[in-house]
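Proteins get letters first, then strands, A, B, ... in listed order; numbering begins at 1 in each.
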Amino acid sequence: MATSMLERLGRQFGYDERSAALLVLPVFAVLMVVAVYPIIYSFYTSLFDIVLTRPWRRPFVGFGNYARIFADPLFWTAVQRTTVYTVVTVSITTVMALFVALLLNEAFPGRRLLSALILLPWATPSIVNGLMWKWIYDPGYGLLNGILVQLGLLEKYIVWLGDPDKTLFMIANAAIWKQMPLAAILLLVSMKSISNDLYRAATVDGANVFQRFLHVTLPALKPGLMLVLVYETMISIRHFDLFLIMTQGGPGDASYTLSWQIYVETFRNLKFGIGAALSYVLALATFILSYLFIRGFGSKA
Amino acid sequence: MTVVRSSKLSRRGFLQAGASGAAIAAAGLPGGAWGQAAGVNFTSWSAAVDQVKSHISAFEKATNLKVNYENFPWAQYRTSVVTRLVGNAPMDVLWVSDAWLPEFAEAGWLATIDDMPELTKYNAEAAPFCTQSMLYKGKQYGLAYYGDHMSFVYNTEILAKAGITTPPTTWAEVVQQSLKIKQAGVVEYPMLMALAIDTWLIEFMSAMVFSHGGRFVDAAGAAIMAEPGKGVIESATWIREAIHTHKIVAPGAIETSEINALKALGAGQHAFSIVPTYRLRALNDPTQAPAAGKLRPTLMPKGPNATASATCGWIRFYGMTPGAKANATRRANAVKFMEFFGGKDTGGNYTLQKLLLTDVGLPFCTTPLSNDAEVKAFWTRWAGGGDVIAQQAATAVKKDVIAPWFGEWNETANAAWQSIFLNRATPQAAAASMAAKWKELRGS
């Protein structure tokens with residue numbers, strides 16, 4: 001029986017297909033172990049009330065952890081903070097990246113050097129980025145206060161990260177500084193693929209520079225923009241390192257985002273069940289947003 | 001010929017060698033009886049590493065026992081250790097913070113040492129608050145690594161410039177003197193406070209509350225933190241007014257970590273602050289701090305309801321795992337190790353305790369050592385004398401919020417403190433949210 005099935009498979013798939021499957025098998029097995037299994041297991045974990053400091057108990061609660069999350073006012077605070085942070089970071093990153101890409105798409109002396117230099121923030125490790133900006137924002141000796149006071153824009157040093165009204169935006173600024181270069185390069189690559197004939201035709205039709213941008217560049221950039229929006233949203237919604245280094249969720253709950261809540265519940269409160277459930281909520285939100293972006297940009301994109 | 005044959009590995013030989021290797025590895029794996037009987041598995045956070053290593057060498061030489069020493073950064077220590085404990089990793093002795101004792105004890109990760117007279121005999125020579133900090137439900141879970149308390153520190157030069165001859169004894173005087181210093185134009189923000197969500201925030205706030213004659217919870221463990229006159233609301237109000245009304249504390253205090261505060265204090269930018277006593281050495285070290293020699297401890301100021309100065313004390317201790325205690329050999333080795341490190345060494349001396357003080361500045365729990373000539377010289381050199389420190393240490397009270405749910409409660413408390421300091425919530429409302437969380441966790 002088994003032999004006949006193998007024979008049938010052998011007849012159905014040629015030597016090349018079978019060889020390819022055999023070669024892919026080890027990678028597939030590794031992926032199953034290191035990626036698929038943990039994803040499934042973490043969902044399984046989210047169905048239990050697991051608290052590491054109470055190792056003698058592990059009650060099955062079904063979707064109880066999810067119900068607890070949605071009933072927790074702190075979760076909705078985290079959702080609000082995450083939404084504001086993501087909207088600010090993604091929109092400003094995308095707009096700035098578009099301008100930078102437009103600039104780098106023009107021919108001028110030193111363009112190649114500028115293209116390389118502009119990638120430096122992206123190459124900076126996240127931890128270094130967070131520490132650097134924390135230092136820049138310091139209310140006592142920070143560079144930002146120093147410059148603004150020297151320029152006469154501020155009378156005295158002010159508190160940046162310690163002010164709940166400013167905190168999220170200051171962290172977003174640090175994130176934009178790091179993420180914008182990659183977004184710009186991705187958009188630049190898309191721009192390079194736009195045929196010059198389209199611009200020549202538009203010019204012949206009397207289109208000015210803004211009209212060429214609106215009617216030629218932007219439509220052709222749809223795939224690139226979608227990529228940037230999806231990527232930046234996924235990065236921003238899950239951002240954690242800057243919050244850990246710069247504010248630890250504070251002051252008060254001013255920077256208490258979803259990823260911070262996951263960290264607190266999992267690694268500080270050691271509630272692995274709740275932490276896993278929160279992670280699944282965040283993953284689902286990321287998936288839905290990405291799907292909406294892809295739908296919103298149409299099938300051509 | 002023989003050499004050639006032996007260097008050639010047949011398939012059968014390879015498999016045999018592999019199987020033997022696996023067997024040896026399995027036996028020698030951490031957790032295997034072979035590996036554990038050889039010595040002591042000691043886990044700590046990455047502090048005083050050089051001093052610990054040198055003492056490990058001395059221990060190995062004196063006892064002929066091998067120590068497997070591993071350390072993790074403090075920030076990841078609790079999570080790392082809990083993960084290892086849950087996974088039954090081989091651990092015999094570990095450093096424990098007093099804040100984790102209830103949850104570790106409840107989880108069955110720490111063994112009691114009440115039945116180990118070799119260790120409990122040191123209680124007779126330990127400061128009472130140290131021993132109390134290692135007790136949970138009446139049982140003792142370790143031997144002290146170090147014990148410290150929050151100290152009120154003032155800058156002699158700044159006070160002199162403002163014409164102030166004696167440091168403040170009450171919180172009202174702290175305000176008065178700060179305003180005088182501010183008006184004299186000596187410094188803008190005389191009082192330095194590190195109010196960032198940081199490791200020390202709870203010790204810092206506990207010191208404030210205790211110095212106001214208050215407590216967070218009553219003797220039965222019920223929350224009294226939201227009740228007026230119990231210290232919490234009064235302390236929080238004092239800090240809020242210091243920032244927003246008197247402007248003697250910088251508004252940036254909300255994001256000032258302890259490390260940054262130490263730098264500012266060491267630079268001579270502030271007249272008063274509250275610091276862990278073990279920081280005094282670095283603060284008065286001219287190679288590290290420009291204000292060295294001018295920063296002196298005085299007794300913690302009193303609040304209006306307090307009858308005497310009080311502060312918050314804490315300890316870190318050597319704990320033994322139940323796994324080590326259950327095995328006769330491992331238990332014997334762990335007891336030897338804990339005694340050598342947390343008690344006296346084989347020479348009958350408190351060697352490590354003295355070394356940790358003189359090298360790193362870490363105060364000890366061992367009262368007889370206070371009379372040691374080198375210890376006295378140390379305090380004279382780095383703090384202008386040890387009398388105030390000894391006097392304050394005697395008033396140290398352990399954190400009364402230490403409970404199995406402390407960590408989770410502290411998350412709420414941190415946000416509540418900050419909302420008060422930011423003037424976004426009244427001390428009463430914030431204290432009520434802390435009390436409600438305490439009640440919820442205590443009842444769950």
Side-chain angles (χ1 to χ4, degrees), chain A residues 49-58 68 72-74 77-78 127 131 133-135 137-142 145 156-167 170-171 243-256 260-261 263-272 274-275, chain B residues 75-76 78-83 85-88 100 102-109 188-189 192 195-199 201 243 250-257 260-261 263-264 267 269-270 404-412 414-425 430 441 444:
Chain A
D49 182 17
I50 299 172
V51 183
L52 279 197
T53 50
R54 297 178 198 172
W56 64 88
R57 58 185 280 286
R58 187 193 163 98
R68 278 172 67 188
D72 181 3
L74 205 53
T77 303
I127 302 292
L131 290 171
W133 280 100
K134 193 176 181 187
W135 208 7
Y137 294 149
D138 190 278
Y141 52 79
N145 273 323
K156 57 192 285 189
Y157 282 24
I158 62 169
V159 176
W160 298 103
L161 289 173
D163 183 340
D165 296 331
K166 300 190 187 86
T167 310
M170 304 317 286
I171 299 172
F243 293 90
L244 174 71
I245 294 158
M246 296 172 88
T247 58
Q248 304 242 331
D253 58 10
S255 60
Y256 198 93
W260 181 255
Q261 190 176 19
Y263 169 74
V264 168
E265 292 292 357
T266 311
F267 296 107
R268 286 194 176 174
N269 297 340
L270 300 170
K271 292 180 169 179
F272 275 44
I274 289 272
Chain B
Q76 288 88 44
R78 178 170 160 268
T79 312
S80 306
V81 160
V82 166
T83 311
L85 288 164
V86 169
N88 284 324
W100 312 327
E103 66 178 4
F104 276 35
E106 289 284 352
W109 293 331
E188 189 178 3
Y189 298 112
L192 173 67
L195 303 176
I197 297 173
D198 202 9
T199 310
L201 188 57
I243 298 171
I254 198 77
E255 58 173 290
T256 303
S257 64
N260 280 351
K263 285 178 190 166
Q269 293 172 4
H270 301 275
W405 53 86
F406 165 71
E408 196 172 348
W409 173 81
N410 203 31
E411 294 290 336
T412 302
N414 283 340
W417 292 125
Q418 291 213 320
S419 64
I420 299 169
F421 307 148
L422 288 162
N423 228 355
R424 300 274 170 135
L441 293 168
S444 66

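No part of B/Trp100 comes within reach of chain A, as not one of its non-hydrogen atoms sits under 4.5 angstrom from that chain. Contact of B/Asn260 with chain A is made through the side chain alone, with heavy-atom distances under 4.5 Å. Looking at B/Leu422, the atoms closer than 4.5 Å to chain A (heavy atoms on both sides) all sit in the side chain, from C-beta outward. For chain A, the nearby parts of B/Glu408 are the backbone and the side chain; heavy atoms of each come within less than 4.5 Å. Heavy atoms closer than 4.5 Å to chain B are found in the side chain of A/Tyr141, but not in its backbone. Both the backbone and the side chain of A/Asp165 come within less than 4.5 Å of a heavy atom in chain B. At a 4.5 Å heavy-atom cutoff, B/Phe104 makes no contact with chain A through either its backbone or its side chain.
With rounding to the nearest 0.5 angstrom, the CG atom of A/Leu52 is 10.0 Å from the CG atom of B/Leu85. A distance of 11.5 Å separates OH in A/Tyr157 from CD in B/Glu188, rounded to the nearest 0.5 Å. A distance of 12.0 Å separates CG in A/Leu161 from CD1 in B/Ile254, rounded to the nearest 0.5 Å. For the atom pair CG (B/Leu201) and CD (A/Gln248), the distance works out to 11.0 Å, reported to the nearest 0.5 Å. We find the CD-OG1 distance between B/Gln418 and A/Thr247 to be 9.5 Å, quoted to the nearest 0.5 Å.
Of all heavy-atom pairs spanning A/Trp56 and B/Ala107, the tightest one is CZ3-CA, 3.7 Å. Smallest separation of non-hydrogen atoms from B/Glu255 and A/Gly162: OE2-N, 2.8 Å. Here the closest heavy-atom approach between residue A/Pro139 and residue B/Gly252 is recorded as CG-CA, 3.8 Å. The two residues B/Arg78 and A/Arg268 make their nearest non-hydrogen contact at NH1-O, 2.8 Å.
The greatest number of non-hydrogen atom pairs below 4.5 Å with chain B, out of A/Ile158, A/Leu270, A/Asp253, is found for A/Leu270.
Between the side chain of A/Arg54 and the backbone N or O of B/Glu106 there is no donor-acceptor pair closer than 3.5 Å.
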